Amino acid sequence: GIGVVAPSTKLHLSSSATAALRIETRTNSAADSEIEFVGPDTHSYSTGIDTSDSNKFKISYAATRTPPTLGTNDRFILTTAGNVGIGSSTPAAFFDVNGTSKFSGNMGVGAAPSLNARFTITGTSTSQRAVSFSTVSSRSDTTSTSYILTGWIAIYCTSLTGITNGEYYIPFYQYSP
């Protein structure tokens, strides 16, 4: 125990001011400042500052009892600019996810979701309200194929220059050989 008479854990810090734990790499050193977590089985994590990669804060994973080196198998990255990357080693936006994602509940972009909406986009200009969908301009297969309608996206537009107010539907098709 540090600053406590009866510690409740192996390392217990207590202070009447801010209780802080400081892990510091010496000046002019290329070594990382990190904490390693090792489970009883074959899983371990390292978290800390990766000095070899622009001082990004990282959480890295290894499926062994040997903790990973920061910069290998990174799961989470926070840049000095405040960008967060999950599955992305170079997050280019405030929140940059590379991989399959799941969101439960309502979602708002630019504001909280509007009443009865699952997804709301707001902004002060048309460019801030843009939504892009990738399309395939050609197919490489030459076999006869069919596509089955599997669902719709409903978009309700109001106050957009050049677009009539109302609800628009975008179909989703599934390829069925």
Side-chain angles (χ1 to χ4, degrees), residues 1-134 151 153-156 172:
I2 300 173
V4 63
V5 176
S8 60
T9 61
K10 296 280 184 187
L11 177 61
H12 184 158
L13 305 175
S14 180
S15 174
S16 58
T18 301
L21 173 64
R22 183 176 184 149
I23 299 172
E24 181 177 345
T25 303
R26 296 183 186 267
T27 306
N28 298 323
S29 174
D32 297 336
S33 296
E34 65 182 273
I35 299 174
E36 298 174 346
F37 299 89
V38 179
D41 51 11
T42 58
H43 299 283
S44 60
Y45 289 89
S46 292
T47 184
I49 300 170
D50 187 352
T51 58
S52 67
D53 190 12
S54 303
N55 295 312
K56 294 175 184 171
F57 179 83
K58 298 181 175 183
I59 299 175
S60 303
Y61 170 78
T64 66
R65 287 192 44 82
T66 303
T69 302
L70 293 176
T72 59
N73 212 15
D74 298 329
R75 298 295 198 225
F76 175 92
I77 293 176
L78 174 63
T79 69
T80 56
N83 292 349
V84 172
I86 298 177
S88 171
S89 61
T90 54
F94 185 68
F95 187 58
D96 189 343
V97 177
N98 181 14
T100 302
S101 302
K102 179 183 177 185
F103 295 88
S104 297
N106 298 342
M107 181 177 168
V109 177
S114 60
L115 185 63
N116 296 324
R118 289 286 185 194
F119 183 72
T120 302
I121 300 172
T122 62
T124 57
S125 69
T126 303
S127 64
Q128 290 177 334
R129 294 187 291 250
V131 177
S132 299
F133 294 94
S134 297
I153 289 182
I155 299 176
Y156 189 79
F172 277 95

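Just so you know, these numbers come straight off a predicted model, no measurement behind them. Quick note: residue numbers are just sequence positions, from 1.
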Completion exercise
Nearest heavy-atom approach of His12 to Pro7 is ND1-CA, 3.5 Å
Exercise for the section: Classify the side-chain pair Asn55/Thr80 by whether it contains a donor and acceptor separated by less than 3.5 Å. Expected result: no
Problem - Partner set under side chain to side chain donor-acceptor pair (under 3.5 Å) for Asp32, not counting sequence neighbours - result: Thr51
Exercise for the section: Look only at the side chain of Asp96 and the backbone of Ala92, and say whether a donor-acceptor pair between them is shorter than 3.5 Å. Expected result: yes
Practice task
Of all the heavy-atom pairs spanning Gly71 and Asp74, show the shortest one and how long it is.
Solution key: N-OD1, 3.0 Å
Handout entry: Thr64 side chain to Thr66 backbone, donor-acceptor under 3.5 Å
Key = yes
Completion exercise
Hits for side chain to side chain contact (heavy atoms under 4.5 Å, CB included) against Thr25, two or more places apart or cross-chain, chain-then-number order -> Ser29, Ala31, Ser33
Handout entry: Separation between CG of Asn73 and CD1 of Ile59, rounded to the nearest 0.5 Å
Key = 12.5 Å
Problem - Note, Ile77 side chain near Ser88 side chain (heavy atom, < 4.5 Å) - result: no
Handout entry: Any side-chain heavy-atom pair of Pro91 and Thr79 under 4.5 Å
Key = yes
Exercise for the section: First locate atom CD of Glu34, then atom OG of Ser60, and finally report the distance between them rounded to the nearest 0.5 Å. Expected result: 8.0 Å
Handout entry: Donor-acceptor under 3.5 Å (Arg75 side chain, Gly87 main chain)
Key = no
Exercise for the section: Report yes if the side chains of Leu70 and Ser46 come closer than 4.5 Å at any heavy-atom pair, otherwise no. Expected result: yes
Practice task
Determine which pairs satisfy ring pair (Phe, Tyr, Trp, His ring centres under 6.0 Å) with at least one residue from residues 54-86, sequence neighbours left out, and list them in order.
Solution key: His43-Tyr61, Tyr45-Tyr61
Handout entry: Rounded distance [0.5 Å steps], NZ in Lys56 versus CD1 in Ile49
Key = 13.5 Å
Handout entry: Any Ile23 side-chain heavy atom under 4.5 Å of Ile35 side chain
Key = yes
Problem - Distance (rounded to the nearest 0.5 Å) between Ile86 CD1 and Phe95 CZ - result: 4.0 Å
Problem - Student check: side-chain heavy atoms of Leu13 and Leu21 closer than 4.5 Å - result: yes
Exercise for the section: Check the pair Lys58, Asp50 against salt bridge (charged side-chain N to carboxylate O under 4.0 Å, His left out), reporting the backbone distance first and the verdict last. Expected result: CA-CA 7 Å; Lys58 298 181 175 183; Asp50 187 352; 2.8 Å; yes
